[in-house]
Amino acid sequence: MKKEKERKYEYELIRSNRKSLALQVKADGSVIVRAPLRIAERRIETFAADHWDWVEKQRQRLSRQRENARRITEEERQEGIRKAKEIIPRRAACFAARMGVSYGRITIREQKTRWGSCSQKGNLNFNWKLVLMPPEILDYVVVHELAHRKEMNHSPRFWAVVEKELPDYRKRREELKIRSREFI
């Protein structure tokens, strides 16, 4: 049985049918190196070593995000869910009428990694924490999910549907990415 040699840098190695090396720092600070199937272990080690400063910077950034993450009390959570159940269906109905789309039921959830989703059946799911965002961000997520009622993908046609309703959607999308770090 071949013993795996000890690495200087700790990471999980995932080999796949890809052409390039890539590093990923996960939320917990662990590192994944993705590598082509036939690349030498020595080359992977060199790649990791050459980019370890970047890994450490990402770990520091993630640590700061965790420290600065907003702590939500149970009372705030319950109030947020109540508000979301009131506001989000109202915004969805308004935009659906303007966009000429229909949808099934709306469910309000507490998701760790998503702000919204749209099922094949047309049911919409939204993260209650959207009510903690500025209204224009909440509206962006609602329009994004409703646009899936016309295009169940993220093709240029999908983005054209979003842009028709929200010409500044790119700005809103960027703001959502920035603010997401506070909550998810």
Mind checking whether Tyr103 and Met152 sit in one hydrophobic cluster, side chains of I, L, V, M, F, W, Y counted as touching below 4.5 Å?
no
task: Report whether Tyr9 and Val31 are members of the same hydrophobic cluster (ILVMFWY, side-chain heavy atoms less than 4.5 Å apart, transitive linking).
output: yes
Task: Arg170 vs Glu174, salt bridge (charged side-chain N to carboxylate O under 4.0 Å, His left out): CA-CA, chis, key distance, verdict - done: CA-CA 6 Å; Arg170 287 178 184 90; Glu174 279 308 306; over 6 Å; no
Which heavy atom of [X] sits nearest to which heavy atom of [Y], and what is that distance?
X      : Y      : value
Val131 : Gly80  : CG2-O, 3.6 Å
Pro89  : Ile106 : CA-CD1, 3.7 Å
Ala92  : Val142 : CA-CG1, 3.6 Å
Ile88  : Phe126 : CG2-CD1, 3.4 Å
Trp115 : Val141 : O-CG1, 3.8 Å

Quick one: does any side-chain atom of [X] pair with a main-chain N or O of [Y] as donor and acceptor, under 3.5 Å?
X      : Y      : value
Glu151 : His148 : no
Arg149 : Ser102 : yes
Asn127 : Gln111 : yes
Arg105 : Gly122 : no

State plainly whether the residues [X] and [Y] are in salt-bridge range, i.e. N to O under 4.0 Å.
X      : Y      : value
Arg59  : Glu56  : yes
Arg172 : Glu136 : no
Arg114 : Glu145 : no

Enter the distance from [X]:[atom1] to [Y]:[atom2] here, rounded to the nearest 0.5 Å.
X      : Y      : atom1 : atom2 : result
Ile178 : Glu175 : CD1   : CD    : 5.5 Å
Arg18  : Ile39  : CZ    : CD1   : 10.0 Å
Gln58  : Asp53  : CD    : CG    : 11.5 Å
Ile32  : Arg34  : CD1   : CZ    : 5.0 Å
Leu138 : Lys129 : CG    : NZ    : 14.5 Å
Lys150 : Leu146 : NZ    : CG    : 10.0 Å

Is the closest side-chain heavy-atom distance between [X] and [Y] below 4.5 Å?
X      : Y      : value
Cys118 : Asn123 : no
Arg173 : Leu176 : no
Tyr11  : Ile44  : yes
Phe95  : Asp139 : yes
Ser30  : Glu12  : no

inquiry  = What verdict does the salt bridge (charged side-chain N to carboxylate O under 4.0 Å, His left out) test give for Arg82 and Glu79, after you've listed the backbone C-alpha separation in whole Å, the side-chain angles of each residue and the deciding distance to 0.1 Å?
reply    = CA-CA 5 Å; Arg82 187 197 63 71; Glu79 177 61 15; 2.6 Å; yes
For this session: Please check if atom CG in Asn17 has more than 12 non-hydrogen atoms from other residues, nucleotides or ligands closer than 6.0 Å.
Result: no
For the CZ atom on Arg157, are there more than 12 heavy atoms of other groups (residues, nucleotides or ligands in this structure) within a distance under 6.0 Å? no
Please work out which of the three classes, parallel, tilted or perpendicular, describes the rings of Tyr140 and His144, given edges at 30° and 60°.
perpendicular
Donor-acceptor pair between Gln78 and Glu74 side chains, under 3.5 angstrom: yes
Sequence neighbours excluded, the answer for ring-ring contact (aromatic ring centres under 6.0 Å, His included) partners of Tyr169 is Trp159
